[in-house]
Structures are given as structure tokens and as C-alpha cells.
**Q** 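Take a look at the following structure, please.
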Amino acid sequence: MDERKKFLNEMADIFGFLGNETRRKVFLTRYAYEDADKQKPNTEIANSLKMDEWKFQQELGEIYKVLDKKGCPNLVFKKGRPSKEEGGNFINSFNWLWYNKFPSWQKNQGSASLSSETLAAQREIGGSATWRDEQHYNKFIARSDERSKMLKDLEEDRPQIFSIVGMGGMGKTAFCHKVVSDTYNARIFSRVAWVRARVCEYKADLFGKPDPRMEASLTTEDALRKIGEELRIPNWVILGQDQEKLEQEICKVLEASRCLIVIDGLEDAESPGKLAEKLQQVLGKSSVILTSREQVDANVIRYPMTKMSRPVSREFIREIAEERYSNPNENPLLELPDSKMEKILDVTEGMPLAMKLFVSQVDVLSPDDAIEGLQRVSTERQLYDYLFEASWQKIKKQQNKSSIVLLIYLAKIREPISISNLCRLKNLSEQEVRGGIETLRKLSLVECSTQGSGIRKVSLHSFTVRYVNETLKNKYGTISQ
């Protein structure tokens, strides 16, 4: 990559375009130095990007706003065309970028450390906000002793690797997210890198098409790239072929400041032990938390997630029911006899996800029917499949098309996605998407992260994904949207 392209890619990262591929593409194309014909029509550039001109203009306008905040002078934001004296937003921003920022950037090249501008951007951004896109838990019940102990361990100014280990549905991700929130509020780490080990890419079949039956596991190399993205390592380093260079850049960031790296669902990685060892090598001053259903074969500090005790389980069910049924008159568990509550505790066995799903089902099935059905299952998978089946039947009975479409799509992509992107990708109105998500949320089928009073991103628990992609398809055949 030549020097000018390298500079432009780094600026795209610093300006925060890493997570917006369309905006990044517009920026790299419009501001390319070798093609800087200032009279070149935007229509021609938009066509070269296979983009509508209005969309191109819209993205360019958003880019101008970012550059204005970054210190680009003489940008004008008002109706009408700028005067000749003003020069135009593109010309002004192009000149600022290449004749002001580029020379400063060149001076920083060759240094053993990250450029001061990149470090400044990292301080400003505080790392990626991926961890905030995971589900937020308004109420977190139990495990206070484990949380306090882990927070105390993380406060120690030395590199450490922790593993949160337990069977599926025990609340490992919820516990981890709460601990990360605790460290954020206590300002223990300068930034957080959150990586989901489960990936939605598929290996290609003989014809070069993605095959859902050949799901790709997260490799150690891909994990390092994702960590690099989270830490805002320059994009040209992440996408390059020099793995050693990427590791060096990650090491510099982790050595320069205390960061927290989270690998959620380590059991889905191609080689969990190898990944844990590699993280140990690049750790610097930082720490790592791994969540896994399986014991990690590495030198780690283990935090086992065990089943909740009966008193805690009883409190958990009560709290979840109160949150689920805001009107006490609609809460079917409020007046439940102790004998039936004891049966619920028997069949859910202190597993948080099972208890949460049970609470969401008692308005689909009566408590007696739900208990009777649960008593017939003998394995963990049968337990969750039974609970999910009741929700699926309710959605089908309501003929809730948007909920079905969204559930199947979320199971396919397996990662958090915003409401606006769901509207765009599934050709649904915002009202349809929000209504469908609300139905899924009430049935505990979807996990939502919130911002202010609204839903920010939505995703599915891995057990929900398994039920939709495996159990439903095996039971009903191919499910189409």
C-alpha cells in the first residue's frame, strides 16, 4: 500500500468510519489524492460506487460534519451553494486533509510507537462500543460475591486472564457484561475490546457458495483482527497480510494503557487453548476475560458459574415475573402456591435462562401445563426446546409475520444489529420491526441493548439460534422468510 493510501485509510479509522462501510468507501474514493479532480461530478463517482447520487451526497454531507468536528476550517452548513470566496466544502476539506494533516502524519511515520494522532483518536473513542451493544440487564440478581471478587482481582495492576466457565444458560455472558460495566464505572481500564467467538461466516462449498452446514470457527488470526478493530488499530494493518505487524500494534496499545479484552463463547473458537496462549503473549499491562461452556486449557483464573440456590432462584423468578408483567393483576405467578413454585424450582434446576423462559411462557401455557411438560424432559436441550416451542407456537398462532421474519433473520446473522439496519435489510417499516421485536422480547426470544428509552441493538441467545437453525428446521423442514 503506497503512502497516500495508507494515510487515507488511517484517517478513515481516526474519523470513526471503521464501522460504516458505505461512508468509508465514499471517503476513500472522493478524497483519493491521485483522482483529486475537484471538478469531477459527484454523479460519476456515485456511479463508480454503484450508489444513488442522493445517497452519495448524504454520506458526503455526514463526512463534512465529522471533518468539521475534527478541526477542518471554513466548512459551511447552510442552505444554498457556498460563495466562490468560501471555495466549497469539498475543496476546503480536501486541502486541509492533504496540505495540513498529511505532512503532520508523514513526520510521525517511522516511529516505533503508534502515531500521536492515532493514540489521540483512541483516547477520544475509548475503544469500540461493541460491549455496550450487548444486552443490558436492568436487574442483576445474585452472584454479588463473585462480582466483588472479580472486580477486586481486576483492580490489580498486572496482566491476568480470567475464565467464566459454566454450562449453557447459566448467565455467563450476563455476568461478564455486569463485571465489564463495573470496571467501566470504576475506570479501571481505558478501553474494552469485546469479541464474540461465535461467527456467522460459512465455509464455501464446491461451487464457491456459503454452506450453512460448514460453519467457520473463529481462528486465532481472525480473533486478533477483531481485537485490532475493537482497539482502533489502523485499518491498513488489520487488513494487511503481515500478522506479525498486527500483533506488534496490538502489543503497543496493550502496553501503553490498561485495556480489558473479552472473548465471549470461547468454546466456539477453532483452537481455544491456542487463542488463550496467544492472548497471554500480547497482553502487556492488560487483562482478559474468557467465557466458555468448557474448561480452558491454559493458565487462567477460573470463575465457575454454578446453578443458583433455591432461595436465590425463587427471588430470581419473582423479580423476572414482576419485570415481565408490570401489572400485578396480569402476573400468573403472584398467587402461585408454594407447592407449585417448588415444582418450578425442581424442573428449572437453578438455571437462569430456563427460569426466564418459563416466566415468559406462563401466559402461553398455564403454570400447571408448563410444569407438566417440563417434567417430561430429561436433558438440557429438551428443556430449552420445550420452552422455545411454546413461544414459536404462539407466534404462529398470532400469524405475526414480522416476528417470524425477524427471528429467522437474527438466527441467521447471529450478531447484534440495529433497528434501522433491520428495517433496511428486511424491507419492513420501523413500526413493523419495533412491533415484531417487542413480541419477541416479551417471549424472551430476543436480547435487547438500550440507549436512553429506546432499543439500540437486538440479538439472540446462542440457544435461541440453535433452536431456530436446528430444531425448527429438523421438525418442520426448510423455514422460509
Side-chain angles (χ1 to χ4, degrees), residues 1-51 53-78 80-111 113-128 228-229 231-240 245 249 253:
M1 182 181 294
D2 67 44
E3 189 180 40
R4 290 191 178 99
K5 288 184 178 178
K6 178 180 173 182
F7 162 74
L8 210 57
N9 273 282
E10 279 200 34
M11 290 300 103
D13 293 339
I14 289 171
F15 296 153
F17 302 151
L18 185 62
N20 189 325
E21 194 59 36
T22 300
R23 192 161 301 165
R24 182 185 188 87
K25 194 182 297 182
V26 170
F27 175 81
L28 294 178
T29 305
R30 191 67 183 101
Y31 287 89
Y33 188 87
E34 62 274 17
D35 297 325
D37 178 2
K38 301 176 181 59
Q39 304 304 316
K40 193 172 185 180
N42 283 338
T43 303
E44 186 177 334
I45 302 174
N47 289 338
S48 70
L49 295 174
K50 297 180 180 180
M51 184 184 299
E53 185 178 359
W54 69 266
K55 177 65 175 173
F56 180 88
Q57 295 280 19
Q58 185 183 56
E59 291 296 331
L60 202 55
E62 293 301 316
I63 289 170
Y64 292 151
K65 292 177 184 177
V66 173
L67 300 186
D68 179 62
K69 291 179 180 178
K70 294 295 182 180
C72 179
N74 303 322
L75 296 186
V76 179
F77 300 97
K78 61 183 180 182
R81 298 176 63 88
S83 66
K84 292 182 179 179
E85 289 75 15
E86 290 168 342
N89 284 345
F90 172 69
I91 294 176
N92 287 333
S93 58
F94 180 91
N95 290 338
W96 173 76
L97 191 68
W98 287 109
Y99 304 126
N100 181 291
K101 305 297 286 183
F102 182 57
S104 299
W105 177 86
Q106 283 180 308
K107 290 179 182 178
N108 286 323
Q109 296 308 294
S111 170
S113 61
L114 290 174
S115 72
S116 58
E117 198 157 38
T118 300
L119 288 174
Q122 290 180 335
R123 283 194 295 271
E124 178 184 331
I125 296 168
S128 171
E229 291 175 1
L231 296 176
R232 299 303 194 195
I233 301 295
N235 202 44
W236 65 269
V237 177
I238 295 170
L239 299 179
K245 174 66 174 175
E249 292 298 307
V253 174

**Q** Evaluate the criterion side-chain contact (heavy atoms from CB on, under 4.5 Å) for residue pair Val66 and Phe17; output intermediate values, then yes/no.
**A** CA-CA 10 Å; Val66 173; Phe17 302 151; 4.0 Å; yes

**Q** Applying side chain to side chain contact (heavy atoms under 4.5 Å, CB included), name anything that partners Asp68, two or more places apart in sequence or on another chain.
**A** Leu75, Phe77

**Q** Take Phe27 and Glu59, measure what side-chain contact (heavy atoms from CB on, under 4.5 Å) needs, and give me the verdict at the end.
**A** CA-CA 9 Å; Phe27 175 81; Glu59 291 296 331; over 6 Å; no

**Q** Would the distance check show the side chain of Ser93 and the main-chain N or O of Phe90 forming a donor-acceptor pair, the cut-off being under 3.5 Å?
**A** yes

**Q** How long is the span from the CG atom in Leu60 to the CG atom in Asn89, to the nearest 0.5 Å?
**A** 8.5 Å

**Q** Which atom pair, heavy atoms only, marks the closest approach of Trp96 to Pro73?
**A** CD1-CD, 3.5 Å

**Q** In Å, rounded to the nearest 0.5 Å, how long is the span from CD1 of Ile233 to NZ of Lys245?
**A** 9.5 Å

**Q** Could you give the distance from CZ (Phe15) to CZ (Arg24), rounded to the nearest 0.5 Å?
**A** 11.5 Å

**Q** Mind checking the CZ-CD spacing from Phe56 to Glu44? Nearest 0.5 Å is all I need.
**A** 10.5 Å

**Q** Apply the test side-chain contact (heavy atoms from CB on, under 4.5 Å) to residues Glu53 and Asn47: give CA-CA distance (whole Å), side-chain angles for both, the deciding distance (0.1 Å), then the verdict.
**A** CA-CA 8 Å; Glu53 185 178 359; Asn47 289 338; over 6 Å; no

**Q** Is any side-chain heavy atom of Thr22 closer than 4.5 Å to one of Met51?
**A** yes

**Q** Let's go through Lys6 and Glu10 carefully: what are the C-alpha distance in whole Å and the side-chain angles of both, what is the deciding distance for salt bridge (charged side-chain N to carboxylate O under 4.0 Å, His left out) to 0.1 Å, and is it a yes or a no?
**A** CA-CA 6 Å; Lys6 178 180 173 182; Glu10 279 200 34; 5.1 Å; no

**Q** Check the angle between the aromatic planes of Phe94 and Tyr31 and answer parallel, tilted or perpendicular using the 30° and 60° thresholds.
**A** parallel

**Q** So, taking the atom named CG in Leu49 and the one named CG in Leu28, what distance separates them when rounded to the nearest 0.5 Å?
**A** 10.0 Å

**Q** Does any part of the side chain of Val26, heavy atoms only, come nearer than 4.5 Å to the side chain of Glu62, both counted from C-beta?
**A** no

**Q** Nearest 0.5 Å please: distance from the CD atom of Gln57 over to the CD1 atom of Ile45.
**A** 9.5 Å

**Q** Under the criterion side-chain contact (heavy atoms from CB on, under 4.5 Å), I'd like the reasoning laid out for Trp98 against Arg4: C-alpha separation, chi angles, the key distance, then a yes or no.
**A** CA-CA 9 Å; Trp98 287 109; Arg4 290 191 178 99; 3.8 Å; yes

